[in-house]
Colleague: 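Let me give you the structure first, and then I'll get to my questions.
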Amino acid sequence: MDSEEAAPAPKRPRLSFLQIWNMCIGLFGVQIVWGLQNGNTSRIFQTLGANIDELAILWIAGPAAGLLVQPVIGYLSDRTWTPLGRRRPYLFGGALLAGAALWAMPHAPSLMLASLMLWLLTASINIAMEPFRALVADTMPEEQRTTGFAMQVFFIGAGAVFASALPWMLTHWFGIDGQGRPGVVPDSVRYAFTIGAIGLVAAVSWSVFTTRERRPDRAAQTAADPHLIPSAEGAAKLVRQGWLWILGGIALAAAAGLGGWERETYVVAVLAAVFGLAQLGAVWMRRAGHASIGMFEIVEDILHMPLLLRRLAVVQFFTWFGLFAMWIYTTPSVAAQHYGAPDPGTPGYNEAADWVGVLFAGYNGVASLVALLLPLVTARLGRPVTHALCLACGGLGLAGFLVIRDPALLWLPAAGIGIAWAGILSLPYAMLSSAVPPSKTGVYMGIHNVFLVLPQLVAATVLGALVGEWFEGRAIAALALSAGSFGLAALFALTLPRSPGRHG
C-alpha cells in the first residue's frame with residue numbers, strides 16, 4: 001500500500017454552535033411529519049372506517065417505504081455532488097414531496113386514498129430524513145458527533161412537541177372543530193396537517209441554504225473495497241445463502257396460504273425472496289468482472305457490515321417493534337382503557353385522541369431536554385450503557401400505561417418514554433458514525449435504518465392477529481408487549497462494543 005493510501009483522512013474542523021444549529025434545524029420540520037403521522041394516522045384510518053385489527057396492515061406503508069428508500073438514498077447520496085452539495089439535494093426534494101403528501105392525507109375521501117397518501121408521505125419523508133444523519137458524520141469531528149446527534153434530537157423533540165399537540169391546541173385555543181362528523185376527519189386535524197406541511201418545507205429549506213458541505217475525497221469515494229470481491233469459496237457461500245433466502249420466502253408464503261395467515265405475512269415473504277435474488281445478482285456481477293456493481297453493493301455492504309452494526313441490529317429490532325406497537329395502539333388503548341370510549345365516532349374517543357397527542361408531545365419534549373444531557377452522561381458511562389439505561393426507562397414508562405388509571409397522570413409514563421426516545425434518536429447514530437468507513441457513511445446509515453424498518457414489518461405482520469384474536473381486541477395488551485420488547489432491547493444494548501475514545 002503506498003503512502004497516499006495509508007495516510008489518515010484529514011481531521012474535520014470543529015463547528016460552531018450556530019453552524020450545528022443551522023445544520024440540525026431542518027429536523028424540526030421532518031419531525032413535524034412524524035409527530036402528526038404517529039399521533040393521527042390511526043385516528044384518520046378509524047374515522048374512515050378501519051377496524052382495530054386492520055390498523056397494523058394499514059400502517060405497513062411506513063416501514064415498507066423506509067426499507068426501500070433509505071439504503072438507496074444513502075447509496076446515491078454517497079456518490080452525489082451537485083452545486084447544492086452531496087446530501088442537500090435529497091433533503092430539499094424529499095421535503096417538497098412530503099409537504100404535498102402531508103397536506104393531502106387528511107383530505108382523502110376514502111380509506112384507500114388515505115393509505116396511498118401515507119405511502120407517498122413516508123417514502124418522501126424518508127428521502128428527506130436519511131441524509132441528515134450522514135450530514136453530521138460528513139462534517140463534524142468524532143468528538144463533536146454526540147453533540148451533533150443530540151442537537152438533532154433537540155429539534156426532533158421540539159418538532160414533535162409542536163406537531164403532536166397541534167390538533168389539541170387548534171381545538172382548545174382557537175376553537176376549531178375537533179369532533180368532526182362520522183366518516184369525516186376533524187377540521188383540527190386537517191388544519192394541523194396543512195400547518196405541518198408549511199413548517200416542514202420552511203425548516204428543511206433553512207438547513208439546506210445555511211449549511212455548507214465538505215466535498216468528499218474523490219479517491220475515497222470511488223475506490224473499490226477489496227474485501228467485497230469474494231473468493232470462489234466465499235462466492236459459493238453467498239450463492240447458498242441467496243437460495244436459502246429465496247426458498248425461505250417461498251416456504252413462508254406457502255405456509256401463509258395453507259394456514260390462512262394474515263396477508264401481511266406475504267410482504268415479509270416477498271422481501272426475503274428479493275434479498276436472496278439480490279445476493280445472487282451481486283455474485284453474478286462480481287464473477288463477470290465488474291468492480292462496481294451499482295446498488296447491488298448495498299447487499300454486499302449488508303453482508304460485510306461491522307460488528308457494532310450487527311449487534312445494534314438486535315437492539316433495534318426489539319426497540320422498534322415496541323415503538324411501532326406503541327404508535328399504533330396508544331390512541332385506541334387510552335380511549336378504551338382510560339376514557340371508556342372505544343368507538344371512534346364518539347366525543348370521548350376524540351378527547352382521548354387529543355390527549356394522546358399531548359402525551360406524545362410531552363415525551364418528545366422530555367427527549368429534547370434529555371438529549372442535551374446525553375454528551376455529559378456518555379462521557380462518564382459510555383454510549384452502550386447510557387443507551388441501555390434510556391431503553392429501560394422507556395420500558396418502565398410503557399408499563400405505566402397498564403397500571404395508571406387516571407388519564408391525567410399518564411404524563412408520568414410519557415416522561416419515561418421520552419428518556420428512551422432521546423437515546424434512540426442519538427446514541428445509535430453516534431456509535432455507528434465512529435464504526436463505518438467515511439466513504440460509506442450514507443449507505444451504512446441507510447442499512448442501519450433497514451434494521452429499524454424490519455421489526456416494524458414484523459410488528460405489522462403479527463400485531464393485527466395478536467390484538468384481534470389472542471388479545472380479543474384489547475389494544476392495551478399491545479402496550480404490555482411493547483414494554484417487554486423495550487426491556488429486551490435494554491439488555492442487548494449492554495452487549496454493544498465500545499468505540500475508541502472517551503465517549504465509548
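These numbers come from the heavy atoms of this one structure, side chains and all, not from hydrogens, waters or symmetry mates.
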Colleague: Under a 3.5 Å distance rule, please check whether Arg88 uses its side chain to pair with a backbone N or O of Thr211 as donor and acceptor.
Modeller: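 Side chain of Arg88 to backbone of Thr211, a donor-acceptor pair under 3.5 Å: yes, one is there.
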Colleague: I need the Ile44 CD1 to Met117 CE distance, nearest 0.5 Å.
Modeller: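 The CE atom of Met117 is 12.0 Å from CD1 of Ile44, to the nearest 0.5 Å.
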Colleague: Taking the side chain as everything from C-beta on, heavy atoms only, tell me whether Phe317 gets closer than 4.5 Å to Leu454.
Modeller: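 No, side chains not in contact.
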Colleague: Is there a side-chain contact between Tyr363 and Phe360 (heavy atoms, below 4.5 Å)?
Modeller: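 Tyr363 vs Phe360: side chains touch.
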Colleague: Do the side chains of Leu36 and Met105 get nearer than 4.5 Å, heavy atoms only?
Modeller: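 Met105 does not reach Leu36 side chain to side chain.
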Colleague: Are the side chains of Thr41 and Gln37 in touch, meaning some heavy atoms are under 4.5 Å apart?
Modeller: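 They are in side-chain contact.
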Colleague: Test: salt bridge (charged side-chain N to carboxylate O under 4.0 Å, His left out). Region: residues 196-211. Which pairs qualify, not counting sequence neighbours?
Modeller: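 Found none.
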Colleague: Let me see the working for Phe451 and Leu312 under side-chain contact (heavy atoms from CB on, under 4.5 Å), right down to the final yes or no.
Modeller: CA-CA 9 Å; Phe451 298 123; Leu312 193 57; over 6 Å; no
Colleague: Which atom pair, heavy atoms only, marks the closest approach of Ala114 to Leu48?
Modeller: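 Heavy-atom minimum between the residues: CB-CD1, 3.7 Å.
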Colleague: Would you mind writing out the side-chain donor-acceptor pairs for residues 395-413 within the sub-3.5 Å range, not counting sequence neighbours?
Modeller:
residue: Asp406; atom: OD1; partner: Ala408; partner atom: N; Å: 3.0

Colleague: Sorted by first residue and then second, give each salt bridge (charged side-chain N to carboxylate O under 4.0 Å, His left out) pair with at least one member in residues 348-361; sequence neighbours left out.
Modeller: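 Non-adjacent pairs meeting salt bridge (charged side-chain N to carboxylate O under 4.0 Å, His left out): Arg43-Asp354.
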Colleague: Please report the shortest heavy-atom distance between Phe162 and Met169, naming the atom on each side.
Modeller: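 For Phe162 and Met169, the tightest heavy-atom pair comes out as O-CE, 3.9 Å.
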Colleague: Just distance, no hydrogens or angles: give the donor-acceptor pairs under 3.5 Å from side chains in residues 479-489, sequence neighbours left out.
Modeller:
residue: Ser482; atom: OG; partner: Gly322; partner atom: O; Å: 2.6
residue: Ser485; atom: OG; partner: Phe318; partner atom: O; Å: 2.5

Colleague: Using the side-chain contact (heavy atoms from CB on, under 4.5 Å) rule, take Val315 and Leu391 through it: C-alpha gap first, then chi angles, then the decisive distance, then the call.
Modeller: CA-CA 10 Å; Val315 177; Leu391 292 170; 3.9 Å; yes
Colleague: Return the CG to CG distance between Leu374 and Leu369, rounded to the nearest 0.5 Å.
Modeller: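 These two atoms lie 11.0 Å from each other.
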Colleague: Would you compute the distance between atom OG of Ser124 and atom CE of Met129 and round it to the nearest 0.5 angstrom?
Modeller: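 Reported to 0.5 Å precision, the distance equals 12.0 Å.
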Colleague: Are any non-hydrogen side-chain atoms of Asn364 and Ser164 less than 4.5 angstrom apart?
Modeller: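 Yes, side chains in contact.
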Colleague: Is the Trp21-Trp206 ring centre distance short of 6.0 angstrom?
Modeller: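 Centroid distance Trp21-Trp206: not below 6.0 Å, so no.
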Colleague: Rounded to the nearest 0.5 Å, how far does CZ of Phe209 lie from CG of Asn22?
Modeller: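 CZ of Phe209 is found 13.5 Å from CG of Asn22.
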Colleague: Donor-acceptor pair, distance only, cut-off 3.5 Å: does the side chain of Ser333 make one with the backbone of Ala475?
Modeller: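 The answer is yes, because a donor-acceptor pair under 3.5 Å joins these two groups.
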Colleague: Ignoring hydrogens and angles, tell me if any N or O in the side chain of Thr122 forms a donor-acceptor pair with the backbone of Leu118 under 3.5 Å.
Modeller: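 Here the side-chain-to-backbone pair exists.
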Colleague: Can you confirm whether Ile476 sits close enough to Tyr329 that some side-chain heavy atom of one is under 4.5 Å from a side-chain heavy atom of the other?
Modeller: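 Of all side-chain heavy-atom pairs linking Tyr329 with Ile476, none is under 4.5 Å.
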Colleague: List the atom of Val208, the atom of Leu91, and the distance in Å for their closest heavy-atom pair.
Modeller: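 What the structure gives for the nearest pair is CG2-CB, 3.9 Å.
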Colleague: With rounding to the nearest 0.5 Å, note down the distance linking CG in Leu27 to OG in Ser207.
Modeller: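 Between atom CG of Leu27 and atom OG of Ser207 there are 7.0 Å.
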Colleague: Between Pro455 and Trp320, which heavy-atom pair has the shortest distance, and what is it?
Modeller: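 Smallest interatomic distance, heavy atoms only, reads CG-CB, 3.7 Å.
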Colleague: Roughly how far apart are His107 NE2 and Leu102 CG, rounded to 0.5 Å?
Modeller: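 These two atoms lie 10.5 Å from each other.
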Colleague: Return a table of donor-acceptor pairs under 3.5 angstrom between the side chains of residues 194-203 and protein atoms on other chains or two or more places apart.
Modeller:
residue: Thr194; atom: OG1; partner: Arg190; partner atom: O; Å: 3.2

Colleague: Looking only at heavy atoms, what is the nearest atom pair of Ser42 and Tyr349, with distance?
Modeller: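 Minimum heavy-atom contact is O-OH, 4.4 Å.
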Colleague: Test of understanding: with side-chain contact (heavy atoms from CB on, under 4.5 Å), list the residues that count as partners of Leu389, not counting sequence neighbours.
Modeller: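 Here the qualifying residues are Leu381, Val385.
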Colleague: Side-chain contact, heavy-atom cut-off 4.5 Å: Ile156 with Val30?
Modeller: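 No, every pair of side-chain atoms sits at 4.5 Å or beyond.
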Colleague: Treating His172 as the side-chain partner and Trp168 as the backbone partner, does any N or O pair qualify as donor plus acceptor under 3.5 Å?
Modeller: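 Side chain of His172 to backbone of Trp168: a pair is present.
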Colleague: Taking the side chain as every heavy atom from C-beta outward, state whether Tyr191 and Phe174 have any pair of such atoms under 4.5 Å apart.
Modeller: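 They are not in contact (no side-chain heavy atoms under 4.5 Å apart), so the answer is no.
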